[in-house]
Every structure is written in C-alpha cells, then in structure tokens.
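Structure provided below as structure tokens; questions to follow.
Any value given below was found using the heavy atoms of this structure, including those in side chains, with hydrogens, waters and symmetry copies removed. One is the number of the first residue; the rest follow in order along the sequence. Treat the numbers as computed from the prediction; the structure is a model and nothing was measured.
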Amino acid sequence: MEVWNNVFTQFDSDGKGGYTELENKNIDTGMGLERLAVVMQDVDSVFDIDTMKAIRDKVCELSGKTYETDALNDVSIRLITDHIRSATFMVSDGIMPANEGRGYVLRRIIRRAARHGKILGIEGTFLAELAQTVIHESKDGYPELEEKRDFILKVLTQEEERFAKTLDQGLAILSELEAEMAARGEKVLSGENAFKLYDTYGFPIDLTEEILEEKGFTYDAEGFAEAMEQQRRQARSSRKVTNYTGHDATVYDQIDPAITSEFTGYDRLEDEGTVLVLVKKAASDGEEDALVDVLTDGDAGTVITDVTPFYATMGGQMGDHGTISVGDGVFAVTDTIKLAGGRVGHVGNMVSGMIRTGDHATLSVDQKLRQSICRNHSATHLLQKALREVLGTHVEQAGSYQDGDRTRFDFSHFQAMTAEELEKVEQIVNEKIAEAIPVQTDVMTVEEAKKTGAIALFGEKYGETVRVVSMGDFSREFCGGTHVKNTEDITAFKILSEGGVAAGVRRIEALTGANVFAYYKKEEEELLAAARAAKSTPADLAEKIAHMQAEIKELQSENESLKSRIAQSSMGDVMDNVVEVKGVKLLAASVPEVDMNGLRDLGDQLKEKIGEGVILLASANGGKVILVAMATDGAMKQGAHAGNLIKAVAAKVGGGGGGRPAMAQAGGKNPAGIPEAIAAAKEVLEGQIH
C-alpha cells in the first residue's frame with residue numbers, strides 16, 4: 001500500500017498556458033493527510049480513519065447494508081463515501097455542476113454516487129443527508145463548510161433530482177430500444193445506440209449493461225468503444241495547432257524570454273519607457289504577424305516597453321487605452337494585453353510618424369476611461385459583499401468584467417433574485433458610496449492576506465505576495481486591478497439587470513458614476529416622449545394609460561360584436577349554397593372580412609343549421625385568405641375528412657394547412673383564388689364519400 005510518493009518538479013506555469021523551466025529543479029516528497037491518518041490510527045485503509053468511517057457508516061445506515069459482508073456492496077459503499085466528500089468540498093469552493101471543465105467533473109462525481117446509491121437500494125435523494133455528515137466531520141478544519149451548509153445541500157439535492165429525471169428519460173429510451181430488438185429477434189444493443197444513451201442522455205453504460213442483462217440482452221462493447229474513440233478523434237482534429245506548452249503558437253513566442261515589463265499604473269497614468277519589441281500586424285489573411293524594428297504611419301501592431309502605466313486586460317478588468325509618443329511619432333493604444341513572461345502588449349496603430357525599437361517613449365493612459373473602469377471595478381467589490389449580506393455567504397464570484405460603460409458580475413446562486421433583494425443590494429452599495437470609505441491597497445503574503453479575511457477568487461493562481469484591496473471593514477478582497485481612492489469617487493450605483501447565465505450562476509449588470517445619470521436622463525426622455533404621445537404629463541401618465549386600456553378593451557368588444565353581426569348577416573346568403581354530394585350536404589361559401597375566430601363561430605352555427613354535412617368557409621381579410629372546414633359525425637362516417645379537404649383546396653389560394661377529420665383550418669396569400677377553392681370543394685368531397 002502506498003503511503004508516500006515523490007514528485008519531480010521541472011516547470012513553472014504562469015497560469016495562462018505558458019511553461020518555463022525552473023532554475024532549480026527539485027523533488028517534492030508528500031504524504032496526504034488521510035494516508036498519514038491511516039498510519040497514525042493504525043487502520044487498514046483511508047475508509048477506516050475516523051472522519052471517513054463516519055461517512056461510510058452513514059452510507060450503511062441509509063442503505064441497510066453491512067460493510068465487509070459483500071464485495072460488490074463494499075465497492076458502492078466506498079465509492080459513495082469518497083464521492084460525497086469530494087462533491088461537498090467542491091461545492092463549498094464555488095464549483096457548480098456543469099457540462100464542461102471542473103463543473104463536469106463535479107457533475108460526474110455526484111451522478112456516480114447517486115447511481116451507486118440506487119445499486120445499494122437507497123430510495124429517493126440521499127446525498128444531501130450524507131453531506132451533513134461530511135460537514136460535521138470536517139467543519140472544525142474547514143469552517144466554510146458550515147457557513148455554506150444550506151447552499152451545499154441545495155446544490156447536491158437539485159443535481160441529484162436532475163439526474164433522477166435523466167435516469168427516467170434514459171430508461172424510457174432503453175425500453176423502446178429493447179422492444180425494437182425483441183421485434184427483430186436481436187439480443188445485442190448496437191454500440192452506436194449504447195453510446196447515444198451515454199453521450200446524449202448521460203445514461204451510465206454500466207447501468208445500460210445491467211438492465212440489458214436482467215432481460216437477457218447485452219450490448220456491443222467494441223462498437224461502444226469505437227464510437228467513444230471516434231468522438232475523441234473528432235475532438236482532437238478540431239483543435240488548433242499549438243506549441244509544446246499547449247497554447248496557440250503566436251509571434252509573441254519568438255520574443256526573448258529575458259524581456260519583461262514593469263507595471264507602474266497603480267500610482268501614475270503617465271510614465272517614460274524604452275521600446276523593447278515591435279510587432280507588425282499582418283495586412284491580409286495571407287500574411288503573418290511579424291517582429292519588426294520600425295512601425296510607421298498607418299501600421300497596426302503591438303508595442304512592448306520595459307515600463308508601462310497601462311493596465312493589461314486581466315481579472316475581468318478591461319485593458320487601458322491611450323497613446324505612446326516618440327518625438328513626432330504617435331501610437332494609439334486601443335487595447336492592452338497580458339503576454340507570457342510578464343510582458344505587457346500595447347495593441348493599436350500608428351497615427352503619425354514612426355516608432356523604432358530602442359526609442360525612449362512617453363506612455364499616457366486615457367485618464368477619463370481609466371477612472372470609469374476604476375469606478376466600475378470598485379463598485380463590483382461593494383456589490384459582492386452586498387450580495388453576501390443579502391443572499392448569504394454561499395455567494396462566490398463566478399466571473400466579472402468591467403469596462404468604461406458598465407460592470408458585469410457573475411455569482412453562484414440558485415434562483416432569480418427578487419425585486420426586494422435587488423433593491424436591498426443596490427441600497428447597500430449606494431450607502432457605502434455615500435460613506436466615503438477610503439480604498440486601501442496592501443501587499444502581503446497569501447497567508448497574511450487570508451488571515452485578514454480577504455476573499456480570494458477560487459481557481460486563481462497567486463504568487464508569493466498578493467494585493468489586498470480593502471474598503472474599510474466592509475469589503476476586503478485579493479485583487480490585482482486598479483481602483484478609486486475613495487468609495488465616494490464611484491458617485492452612484494444602479495443595477496440594470498439580473499438573470500441566469502448557467503446552472504447555479506446568476507449575472508448582474510450595473511452602472512456607476514456619470515453613466516447612472518445618463519441612464520436616468522434617457523429614462524426621463526423616454527418618459528416625456530411617452531407622455532407626449534399619450535397627450536398627458538409624466539405625473540398623470542399611469543392614470544392616462546389605464547383610461548386608454550379601458551377604452552381599447554371597450555373598442556375591442558365593440559369590434560367583436562360588429563364582426564359577429566357581419567357573420568350573422570352572411571348566414572342567410574350562404575345557406576343558398578348548400579348542395580348534395582353523394583347524399584352528403586356540402587356548404588362551401590365565401591364571406592367577406594371575417595377573422596379566424598369569427599369564421600369558426602359562423603361554421604359552428606351553419607353546421608347546426610344544416611344538420612349533417614360538410615362546411616367550407618373562406619374569407620379574404622387584410623390581403624390574406626382564411627379557410628375553415630368542418631364535418632359532422634354523420635358525414636365523417638361516410639368518409640368526409642375536413643383536414644384532407646382543406647389541405648386540397650388551400651393550394652388554390654396559395655397556402656396550406658390541415659387538421660382533424662372534424663375540423664381544420666388553413667391560410668393563404670392569394671384572395672383571387674377563393675372562387676376556385678370553393679368550386680374545388682365539391683370534387684374533393686366526391687372523392688372522399690364512399
């Protein structure tokens with residue numbers, strides 16, 4: 001049994017797909033906590049140590065099984081014990097069940113545990129109850145488990161219930177496939193169908209195999225494996241060509257690794273630097289970006305300097321815009337990007353003159369845009385804390401983006417926020433803005449930062465030191481972005497929308513500063529325009545709209561009444577059109593300007609009037625044709641079919657339709673064809689009557 005292992009460390013990852021060899025390679029020796037506990041508690045496996053045994057015993061209690069009496073049951077008991085522990089911790093860390101990435105891993109873990117619960121005979125949902133044991137056993141070392149208890153239990157329950165529906169759907173499809181095999185006298189389910197159940201419906205292949213075996217069937221394992229491999233081949237062939245480190249090969253990989261950029265933009269918006277690298281963007285699809293020594297008037301490309309006040313797009317914050325000037329040469333920066341090796345790329349185009357490598361340049365950030373971005377970024381910190389206060393500490397950042405126009409914040413939460421919750425969150429943020437709280441930034445080690453209670457972004461890789469942005473005692477987060485000096489600089493905060501973007505993930509979009517006032521200005525203009533259109537004032541608009549709605553309702557009622565009278569007046573005329581076709585009465589007629597509802601009502605009345613028979617009515621309304629056909633029970637017994645009748649005659653008016661034997665309707669776009677359609681009804685009905 002392995003209780004120790006060695007890791008030979010060779011590369012340093014920049015977290016963006018880039019790898020550099022370590023100057024001092026090393027061997028890391030490590031022993032997991034559970035393995036150490038196995039040794040110290042003198043037990044046979046990790047499933048026998050105190051914290052794991054408590055979970056294992058709970059599985060046995062729920063299933064009514066005894067551990068170490070049946071080898072197959074033991075497999076399921078151990079699997080559930082391991083998986084529920086992993087799933088509980090993953091959800092507490094902010095991972096949500098999804099169809100890709102780490103969320104997909106979580107979803108598979110939860111569903112596999114649920115599946116083995118069914119194998120053990122556990123009825124209904126049970127994972128949330130097991131998670132309670134996990135939390136109880138580990139909360140002393142991981143207090144966040146207790147803090148997020150309700151959220152963890154809700155996520156597990158909803159995912160388990162969703163899987164139950166998947167099982168039901170898969171069982172129904174598998175039942176159909178079994179019936180088809182039985183009808184053909186086959187005993188083997190094709191690998192293609194087995195893979196479709198697995199891949200499309202998430203139905204476990206082991207469950208498919210087990211159910212088939214119970215009924216004397218099996219499945220084509222080789223065909224299943226081939227379908228799986230084919231999918232993998234397609235996935236591999238669709239990938240882009242990459243370099244050995246796994247990221248897309250670009251011109252930036254040709255840059256000397258020793259070249260780096262020092263960011264000075266936390267303290268200044270203008271600085272001096274030396275141009276180290278120039279990249280000229282390809283002028284056409286047939287060319288490639290290239291490292292050059294000079295950029296001249298009209299060239300598009302990237303400038304890399306040794307020092308820059310420009311913030312590169314990172315952590316959801318949009319990169320700075322501005323200018324780089326060298327003598328009479330001006331380069332307009334329209335984006336700033338983070339490159340491997342600590343380099344900052346200023347992307348844009350030459351407005352005038354030229355820039356050479358080695359030139360001394362003045363780098364100037366667009367101050368107005370930077371301030372707008374800072375307002376939005378700082379507001380996002382206040383927003384996250386306000387959400388945690390209103391919704392609960394389960395709220396975790398799931399993504400964010402800030403530019404000069406608005407802020408967008410994605411967070412973990414399982415249901416739509418109410419109007420009251422949104423109002424409360426907005427109120428809290430604006431209160432903190434009004435309190436004029438100084439925004440303080442400190443650089444400290446990760447451990448020191450965690451001791452302060454600062455919130456770290458899950459999944460983010462941090463170096464030895466981190467920047468912690470604090471807004472009094474209200475908000476404290478790990479953050480490498482730029483911020484306002486005081487919350488009052490944000491000025492105002494307005495939530496525009498809240499909605500779902502993925503399972504368990506919600507999104508808020510909001511405005512700050514002058515954008516809030518511009519928003520209210522636009523709202524005011526639209527309100528005034530609406531008031532003018534309604535010949536009212538903003539203050540009286542609601543009352544005026546209520547009056548207008550009542551008037552519209554009255555007019556609609558009057559209109560329906562008039563249509564009914566028109567239809568009634570048409571009744572006497574169309575009764576003259578009744579003919580007999582092989583002993584079945586047929587009334588085929590055209591009535592002017594009647595809508596579909598009116599035409600159906602008229603048809604019902606005429607059907608009663610003629611007793612037994614078939615009715616076809618056509619009406620030209622608004623440049624289009626409406627057709628309705630009806631057949632009584634007696635007529636249908638003799639072969640009449642309204643759906644087939646209307647399908648045949650609708651072609652005469654440039655349309656189509658169909659329906660049931662008793663009633664059908666259709667539309668067309670050629671009113672001139674109505675007489676021909678009416679005339680064709682007799683011939684069609686003759687072919688139906690037997």
Side-chain angles (χ1 to χ4, degrees), residues 94 144 147 265-269 311 314-318 367 369-404 406-413 421-458 460 462 465-496 508-516:
E144 63 270 23
E147 292 172 7
Y266 289 127
D267 306 311
R268 61 192 72 180
L269 295 178
Y311 183 84
M314 192 168 41
Q317 179 177 328
M318 186 186 86
Q367 182 176 349
L369 177 61
R370 166 73 82 84
Q371 287 174 342
S372 294
I373 296 171
C374 286
R375 278 194 290 268
N376 285 331
H377 196 164
S378 298
T380 302
H381 283 223
L382 295 177
L383 171 61
Q384 174 162 254
K385 184 56 187 294
L387 286 167
R388 289 170 71 90
E389 285 195 357
V390 173
L391 302 178
T393 55
H394 65 270
V395 168
E396 298 276 358
Q397 179 177 331
S400 71
Y401 176 75
Q402 300 86 34
D403 57 22
R406 64 181 63 192
T407 181
R408 186 182 73 210
F409 184 70
D410 296 348
F411 59 99
S412 54
H413 190 54
E421 288 170 339
L422 287 169
E423 184 180 352
K424 182 62 176 174
V425 167
E426 191 176 279
Q427 177 187 342
I428 290 172
V429 174
N430 280 307
E431 284 174 355
K432 296 306 170 184
I433 292 171
E435 286 176 19
I437 305 170
V439 178
Q440 181 178 334
T441 303
D442 299 294
V443 178
M444 57 185 80
T445 67
V446 172
E447 291 305 314
E448 288 173 338
K450 287 181 177 177
K451 288 176 183 176
T452 68
I455 297 175
L457 180 61
F458 177 78
E460 190 72 17
Y462 297 101
T465 60
V466 293
R467 291 173 63 83
V468 175
V469 177
S470 304
M471 300 177 189
D473 295 328
F474 183 71
S475 169
R476 188 172 286 112
E477 294 186 34
F478 287 41
C479 185
T482 59
H483 290 272
V484 297
K485 301 297 183 186
N486 190 293
T487 59
E488 68 177 353
D489 297 335
I490 302 171
T491 312
F493 177 80
K494 171 62 184 172
I495 294 176
L496 290 180
I508 281 180
E509 294 202 8
L511 303 175
T512 64
N515 291 326
V516 175

*asked:* I want to check something: taking the side chain as every heavy atom from C-beta on, are Phe411 and Leu383 in contact at a cut-off of under 4.5 Å?
replied: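 No, their side chains stay 4.5 Å or more apart.
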*Could Arg406 and Glu509 be called an ion pair, given the rule that one side-chain N must be under 4.0 Å from one carboxylate O?*
yes
*Quick one: are Tyr311 and Met318 in side-chain contact, heavy atoms under 4.5 Å?*
no
_Determine whether Cys479 and Arg467 satisfy the following criterion, side chain to side chain contact (heavy atoms under 4.5 Å, CB included), listing intermediate values before the conclusion._
CA-CA 6 Å; Cys479 185; Arg467 291 173 63 83; 6.0 Å; no
*Show your working on side chain to side chain contact (heavy atoms under 4.5 Å, CB included) between Thr487 and Phe474 and close with a plain yes or no.*
CA-CA 11 Å; Thr487 59; Phe474 183 71; over 6 Å; no
_With no hydrogens and no angle check, just 3.5 Å: does a side-chain donor-acceptor pair link Thr380 and Ser400?_
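Side-chain D/A pair, Thr380 to Ser400: absent.
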*Near Lys494 NZ, under 6.0 Å, is it more than 12 heavy atoms from other residues, nucleotides or ligands?*
yes
*Calculate, to the nearest 0.5 Å, the distance between atoms CZ and CD belonging to Arg388 and Glu147 respectively.*
7.5 Å
*Could you walk me through whether Lys485 and Cys374 pass side chain to side chain contact (heavy atoms under 4.5 Å, CB included), step by step?*
CA-CA 9 Å; Lys485 301 297 183 186; Cys374 286; over 6 Å; no
*If only atom types and distance count, is the side chain of Thr452 paired as donor or acceptor with the main-chain N or O of Ala449 below 3.5 Å?*
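Pair found, side chain donor or acceptor close to backbone of Ala449.
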_Spacing of Tyr401 atom OH and Asp410 atom CG [to the nearest 0.5 Å]_ = 13.0 Å
*Between Asn515 (side chain) and Leu511 (backbone), is there a donor-acceptor pair under 3.5 Å?*
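Such a contact is absent between Asn515 side chain and Leu511 backbone.
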*Could you tell me whether the side chain of Gln317 and the main chain of Met314 form a donor-acceptor pair under 3.5 Å?*
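No: the side chain of Gln317 does not pair with the backbone of Met314.
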*Using modelled atom types only, decide if a donor and an acceptor are shared between the side chain of Gln402 and the backbone of Thr407 within a distance under 3.5 Å.*
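Not at all, since once roles are kept as given, no pair shorter than 3.5 Å links the two residues.
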_When you compare the side chains of Ser470 and Arg476, does any donor N or O come within less than 3.5 Å of an acceptor on the partner?_
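Indeed, the side chains of Ser470 and Arg476 share at least one donor-acceptor pair under 3.5 Å.
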_When you compare the side chain of Thr441 with that of Tyr266, does any pair of heavy atoms fall below 4.5 Å?_
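Not in contact.
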*Closest heavy-atom contact between Ile428 and Ala386?*
CG2-CB, 3.8 Å
_Does any part of the side chain of Leu387, heavy atoms only, come nearer than 4.5 Å to the side chain of Ile508, both counted from C-beta?_
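Yes, their side chains come closer than 4.5 Å.
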*Can you tell me if Asp489 uses its side chain to pair, donor with acceptor, with the backbone of Val484 under 3.5 Å?*
no
*Quick one: which residue pairs count as a salt bridge (Lys or Arg N to Asp or Glu O under 4.0 Å) with a foot in residues 429-446, not counting sequence neighbours?*
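As it turns out, the salt bridge (Lys or Arg N to Asp or Glu O under 4.0 Å) pairs with a partner in residues 429-446, which skip direct neighbours, are Lys432-Glu435.
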*Less than 4.5 Å apart, any side-chain heavy atom of Thr491 and any of Val516?*
no
*How many angstroms lie between OG in Ser372 and CD in Gln367, if you round to the nearest 0.5 Å?*
10.5 Å
*asked:* So, using salt bridge (charged side-chain N to carboxylate O under 4.0 Å, His left out) as the criterion, who are the partners of Lys385 when residues are at least two apart?
replied: none
*Could you walk me through whether Met444 and Val468 pass the side chain to side chain contact (heavy atoms under 4.5 Å, CB included) test, one step at a time?*
CA-CA 8 Å; Met444 57 185 80; Val468 175; 4.1 Å; yes
*His483 versus His381: any side-chain heavy-atom pair under 4.5 Å?*
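Yes. Closest side-chain heavy atoms under 4.5 Å.
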*Compare every heavy atom of Ser412 with every heavy atom of His394, then report the nearest pair and how far apart it is.*
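For His394 and Ser412, the tightest heavy-atom pair comes out as O-OG, 3.0 Å.
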*Flag the pair Val466 / Val443 as yes when at least one side-chain heavy-atom distance between them is below 4.5 Å, and no otherwise.*
no
*Strictly by modelled atom types, are Gln384 and Ser475 linked by a side-chain donor-acceptor pair under 3.5 Å?*
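No.
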*Residue list, ring pair (Phe, Tyr, Trp, His ring centres under 6.0 Å) with Phe493, at least two apart or on another chain*: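 Listed in chain order: nothing, the list is empty.
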*Measure the shortest side-chain to side-chain distance between Val469 and Glu477 over non-hydrogen atoms and say whether it is less than 4.5 angstrom.*
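Counting from C-beta outward, Val469 and Glu477 never come under 4.5 Å.
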*Mind checking the NZ-CD1 spacing from Lys450 to Ile455? Nearest 0.5 Å is all I need.*
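Atom-to-atom, Lys450:NZ and Ile455:CD1 are 13.5 Å apart.
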_Gap between atom CG of Asn376 and atom OG1 of Thr512 - 0.5 Å precision_ =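 So the OG1 of Thr512 and the CG of Asn376 are separated by 3.5 Å.
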_With rounding to the nearest 0.5 angstrom, report the CD1 to CD1 distance, Ile437 to Ile490._
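Here the interatomic distance stands at 9.0 Å.
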*Check: Arg408 side chain, Gly399 main-chain N or O, donor-acceptor pair, under 3.5 Å*: no
